[in-house]
Amino acid sequence: QAVALRARSVEELYELLETLGSGHFGVVRRCRERSTGTFYAAKFVKTRRCRGSRRGLERVQVEQEVAILRDLQHPNIMQLHDLFTCRAEMVLVLELMRGGELFDFIAEKEMLLEEEAIEFLEQILLGVQYLHGRHIAHFDLKPENIMLQEKDVPKPQIKIIDFGLAQKLEDGVTFKSLCGTPQYIAPEVINYEPLSSATDMWSIGVITYILLSGLSPFQGETDAETLSNVLEGAYEFEERYFSDTSEMAKDFIRQLLVKEPQERMTASECLVHPWIKPLNRKQAAKRCRSSINMKNFRKFNARRKWKLSYNMVSACNRLCRMRLLCSPRTEGEELRCCESDQEEEGSRPVTLLRRRRSSCS
Ligand code: ATP
């Protein structure tokens, strides 16, 4: 369905139901289209009323998210169904993800073979390959943005969500930005160097590492330490966490957590790596003998959920404080914020700016 700006109100056409989640700039609610009875997710985003206002997102930013989403059509990418706009708010009516986050789904399992984890990873890679093929980079790949359409089905379908930081990459135009979450961002983001689709591939390396071990490869005691670990490329496969991991899986991660963006595997290369597409029976068998460190993964996930709820409460205060740490912007430069990984109020992020280019509402 073609997505057009609607003059009518969202409530005229959709019945608004319970809240599904919330982001920095509004809530996401389940809704039912009155004419068809179909369920969707309505994402309400507060936009700035006037140029000087510090509340909400710049309208042009939401329009950019919409412009990217409306052109995307892939089984592993969440789809935009409808759009409403008024002076202080935009409402994106999105395909409903009933299955929750992938990491929560996995954490409920007794055990998971590498082979089963690969089925999910392959879907993430297919979605990312599609995006990169259209010169779009997501720039915010992390567990919270990987959801399942349904979970009580034999083969749950992955959907990548939240295109709030996504960018269309133009040939010959350099894009630099300080955005993302310290645990998942690539060295070039921290160094404020040009970003590309390879920036997403680093995040996929981090997600895979966590998925297999329940350990975050660069996580430090503070955000500053995490960022410094990323810059040094300081990670290892600690035997006690990776004892059940195949060598092919480690090789896959090694080819993504490479400092030089051009040397990282692309999504298409990942899809033909022998860990994902075994060349022979021996390679395939290794994936069935290796498994995910479920005990540690569950611990990681519980801690992640705790941090997310903590962050929701303290985000506004912290982000407003962080604004004060920002160096003045030079004209034409885009400075955006990294979301803190730290729960400690005292651990101040060093080079981090705002999560998005706006303050919280
Ligand atoms: P952030 O502050 O991380 O940028 P955001 O404002 O861009 O967030 P989203 O990440 O898109 O908002 O959504 C916030 C939460 O709402 C998600 O983490 C998820 O729990 C829920 N959510 C978003 N989209 C959907 C969807 N299509 N179906 C079901 N739940 C959704």
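On a predicted model such as this, the values are computed, not experimentally measured, just so you know. Whatever order the structure lists ligands and atoms in, that order sets their numbers, starting from 1.
- For the residues K46, E95, R30, K43, the heavy atom positioned nearest atom 27 (N) of ligand 1 is part of E95.
- The aromatic rings of W202 and F218 sit parallel to each other, their planes meeting at less than 30°, with 60° as the upper class boundary.
- Against a heavy-atom cut-off of under 4.0 Å, S22 is close to the following atoms of ligand 1: 14 (C), 15 (C).
- The heavy atom nearest to atom 13 (O) of ligand 1, considering only V27, V28, L57, is found in V28.
- Y184 has its ring centre no less than 6.0 Å from the ring centre of Y209.
- In terms of hydrophobic clustering, with Ile, Leu, Val, Met, Phe, Trp and Tyr side chains grouped at heavy-atom distances under 4.5 Å, V45 and V28 are assigned to different clusters.
- Those atoms of ligand 1 with a heavy atom of M78 less than 4.0 angstrom away are 27 (N).
- The residue from E144, E65, K142, K159 that puts a heavy atom closest to atom 18 (O) of ligand 1 is E144.
- Here CE of M111 is found 9.0 Å from CE of M294. Values are rounded to the nearest 0.5 Å.
- Counting atoms of ligand 1 from 1 in the listed order, those under 4.0 Å from a heavy atom of L20 are 29 (C), 30 (N).
- Shown in contact with A41 at under 4.0 Å from a heavy atom are these atoms of ligand 1, numbered in order with element: 26 (C), 27 (N), 28 (N).
- For the residue pair T38/E33, the side-chain donor-acceptor check at 3.5 Å is not satisfied.
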